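Below: one structure, written as structure tokens.
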Amino acid sequence: MSFPLLTATAALPAVGAIATAAVPAAKRTAAKWLALFFSLATLVLAITVLVRFDPDGDRYQLTESHAWIADFGVRYELGVDGIGVALVALTALLIPFIILAGWHDADPSPSSQLRSSRGGPKETGRPYHWRPTQGFFALILAVEAMVILSFEATDVFLFYIFFEAMLIPMYFLIGGFGDRAHEHGEKAAATQRSYAAVKFLLYNLVGGLIMLAAVIGLYVVAGNFSLQEIAEARANGTLDMATNTERWLFLGFFFAFAVKAPLWPLHTWLPNAMQESTAPVAVLITAVVDKVGTFAMLRFCLQLFPEASKWATPAILVLALISIIYGALLAVGQRDIKRLVAYASISHFGFIIMGIFAMTSQGQSGATLYMINHGISTAALMLVAGFLISRRGSRLIADYGGVQKVAPVLAGTFLIGSLATLSLPGLAPFVSEFLVLVGTFTRYPVIGIIATFGIVLAALYTLVLYQRTMTGPVKPEVSAMPDLRIRELVVVAPLVVLLIFLGVYPKPVTQIIDPAVKQTMSDVQKKDPQPEVEAAK
């Protein structure tokens with residue numbers, strides 16, 4: 001029996017979560033280093049998976065299959081295609097940076113320590129435990145394990161379990177470890193964190209419950225949960241779903257994925273969740289967890305329900321277009337840095353979903369590449385914004401000004417993250433956004449033309465954000481602001497390098513994802529439109 005590499009890649013952060021949580025309360029620094037070690041070890045395994053993956057080989061590789069709940073046809077089945085392996089690598093890459101960026105985010109607050117040392121009232125009745133450091137990093141590793149398994153699962157029921165289970169650690173990360181920079185004090189901050197966490201959980205639970213009904217319906221129709229077996233049966237005609245049945249099942253799956261993505265009008269949980277989270281947790285939400293939604297649209301919606309996917313395409317493209325313009329417009333008017341990034345992400349996810357349902361190879365390749373590039377660019381911008389907020393103690397844009405004069409390295413990396421967000425040529429997101437627009441325009445030119453206005457709005461909100469925070473007179477509150485420290489540079493520098501490298505040379509990623517995209521196009525029986533060339537006279 002070959003070594004279960006995919007299982008090991010997901011199990012290692014799960015073991016790390018347990019080990020980190022078990023570290024004694026007084027050993028906070030040891031817990032941090034242990035979590036970082038397990039995240040780096042997971043990255044090594046993810047790189048091994050990437051190296052062993054053959055883009056020209058079988059569709060699903062490094063497969064594992066074991067009986068699990070035999071009476072209900074549930075199996076422990078794992079496998080990765082080019083899209084899945086790229087997202088596993090992205091997840092494993094970002095988690096060490098998230099841990100490093102949040103190195104002090106779960107430390108006890110000075111006020112809590114002071115009250116405990118004086119024998120006064122304590123936040124929870126236990127000194128130093130009201131923000132347990134071990135729990136913070138253990139929860140991050142737990143989310144990593146569940147996200148990786150979601151990208152690897154080829155059994156629909158197995159995918160559903162981890163698709164839902166990741167909500168639990170995310171709920172506690174949002175509600176229990178929120179941002180300390182709150183203009184209305186700790187009590188108001190706790191109330192807002194609780195609201196954001198509950199809203200996140202309720203939205204995603206409703207989506208998950210609807211998906212559960214669709215999963216059960218799929219089992220009734222197909223008799224099993226194996227993605228590969230059901231897709232093969234659909235392709236060779238041995239499984240013929242009634243039109244209405246397929247459409248209802250598609251809608252059940254798509255609704256859950258649209259909530260996770262997030263797609264307008266199911267997006268409203270995201271700005272609250274990102275605003276109240278620490279910057280690393282905000283990155284975990286939008287750069288890692290939300291990618292499960294768009295990934296699942298490609299893997300499950302298009303592969304299991306090809307006819308229903310084509311039937312729903314016009315409506316989904318309209319919703320994606322609204323997400324692009326609506327998210328960008330609201331980003332322009334934001335006063336809060338984190339909410340601005342949140343609405344910008346809603347706009348970007350609109351581009352991703354538009355590329356998926358354009359039903360062209362350029363659009364789907366661009367959408368998959370967009371998932372990777374958006375993860376890197378959002379991590380770069382949001383983590384630098386987090387460093388900025390931690391220095392000033394405020395998320396409000398109006399509280400900054402002239403930062404580039406006192407912290408030029410911080411301002412420079414913030415500028416690169418901002419330019420990547422607006423998809424400047426030469427930076428990674430430009431390639432993916434260009435492919436999405438080209439792929440959409442070739443089949444739906446009106447949608448493609450309107451979507452380009454999202455680029456104009458992106459330039460507006462990112463450059464205005466930079467101008468108001470980094471340029472102009474130096475405000476007294478930021479005059480003594482320190483520049484990036486060594487740990488923070490270690491976080492930001494590799495992300496900046498990746499943005500530039502993949503902006504100039506995206507081939508290492510595209511050659512992995514393109515074969516999987518071609519197979520997805522084959523699933524929905526779509527071919528790229530042929531260009532209309534006027535015959536030479």
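All residue numbers in this chain count up from 1 along the given sequence. On a predicted model such as this, the values are computed, not experimentally measured, just so you know.
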Problem set entry | Sole residue of Ile148, Leu158, Thr9 in side chain to side chain contact (heavy atoms under 4.5 Å, CB included) with Leu78 |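 Result for side chain to side chain contact (heavy atoms under 4.5 Å, CB included) with Leu78: Leu158.
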Exercise. Considering the options Leu460, Ile455, Leu463, which one meets the side chain to side chain contact (heavy atoms under 4.5 Å, CB included) requirement together with Leu422?
Worked result: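 Going through Leu460, Ile455, Leu463 one by one, the side chain to side chain contact (heavy atoms under 4.5 Å, CB included) with Leu422 is satisfied by Leu463 alone.
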Exercise. Backbone N or O of Ser309 within a donor-acceptor pair of the Thr313 side chain at under 3.5 Å?
Worked result: yes
Exercise. Counting N and O atoms only, with roles assigned by atom type, does the side chain of Lys338 sit under 3.5 Å from a partner on the main chain of Ala385, one being a donor and the other an acceptor?
Worked result: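 A pair under 3.5 Å: no.
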Does [atom1] belonging to [X] count more than 12 external heavy atoms closer than 6.0 Å?
X      : atom1 : value
Tyr219 : OH    : yes
Tyr195 : OH    : no
Arg468 : CZ    : no

Under a 4.5 Å cut-off applied to non-hydrogen side-chain atoms, are [X] and [Y] in contact?
X      : Y      : answer
Val492 : Phe97  : no
Leu304 : Val156 : yes
Met354 : Leu317 : yes
Leu87  : Ile372 : yes
Ile324 : Phe453 : no
Ile95  : Leu284 : yes
Phe430 : Leu427 : no
Ile346 : Leu330 : no

Problem set entry | Tyr203-Thr268 side chain donor-acceptor pair, cut-off 3.5 Å | yes
For this session: Please determine, by modelled atom types, if Gln404 and Tyr466 share a side-chain donor-acceptor pair under 3.5 angstrom.
Result: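 Present: a donor and an acceptor within the cut-off.
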Quick one: [atom1] on [X] to [atom2] on [Y], what's the gap to the nearest 0.5 Å?
X      : Y      : atom1 : atom2 : answer
Asp105 : Ser390 : CG    : OG    : 8.0 Å
Ile389 : Arg395 : CD1   : CZ    : 7.0 Å
Ile98  : Thr91  : CD1   : OG1   : 9.0 Å
His348 : Ile352 : NE2   : CD1   : 9.0 Å
Leu263 : Ile316 : CG    : CD1   : 8.0 Å
Trp33  : Lys27  : CH2   : NZ    : 16.0 Å

Determine the minimum heavy-atom distance between [X] and [Y], stating which atoms define it.
X      : Y      : result
Pro265 : Leu319 : CD-CD2, 4.5 Å
Leu298 : Ile83  : CD1-CD1, 4.0 Å
Leu94  : Ala379 : CD2-CB, 3.9 Å
Ala10  : Ala145 : O-CB, 3.3 Å
Phe349 : Pro262 : CD1-CD, 3.8 Å
Leu484 : Thr413 : CD1-OG1, 3.7 Å

Exercise. Are the aromatic ring centres of Phe159 and Phe225 under 6.0 angstrom apart?
Worked result: no
For this session: Could you tell me how the ring of Tyr370 sits relative to the ring of Phe351: parallel (under 30°), tilted (30 to 60°) or perpendicular (over 60°)?
Result: parallel
Exercise. Between Phe305 and Phe250, what is the ring plane arrangement, given parallel below 30°, perpendicular above 60°, and tilted in between?
Worked result: perpendicular
Do any side-chain atoms of residues 289-297 form donor-acceptor pairs under 3.5 angstrom with protein atoms, and if so which ones, sequence neighbours left out?
from, atom 1, to, atom 2, distance (Å)
Lys291, NZ, Thr286, O, 2.9
Lys291, NZ, His374, ND1, 2.9
Thr294, OG1, Lys291, O, 3.1

Exercise. What residues form a side-chain contact (heavy atoms from CB on, under 4.5 Å) with Tyr171, not counting sequence neighbours?
Worked result: Ala197, Val198, Leu201
For this session: Name all residues meeting the side-chain contact (heavy atoms from CB on, under 4.5 Å) criterion together with Pro482; count only those two or more places apart in sequence or in a different chain, and write none if there are none.
Result: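 Testing Pro482 for side-chain contact (heavy atoms from CB on, under 4.5 Å), a comparison that skips the adjacent residues, returns Arg391, Arg485.
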Exercise. What's the verdict on ring pair (Phe, Tyr, Trp, His ring centres under 6.0 Å) for Phe387 and Phe414, showing C-alpha distance, side-chain angles and the deciding distance?
Worked result: CA-CA 10 Å; Phe387 298 148; Phe414 191 84; over 10 Å; no
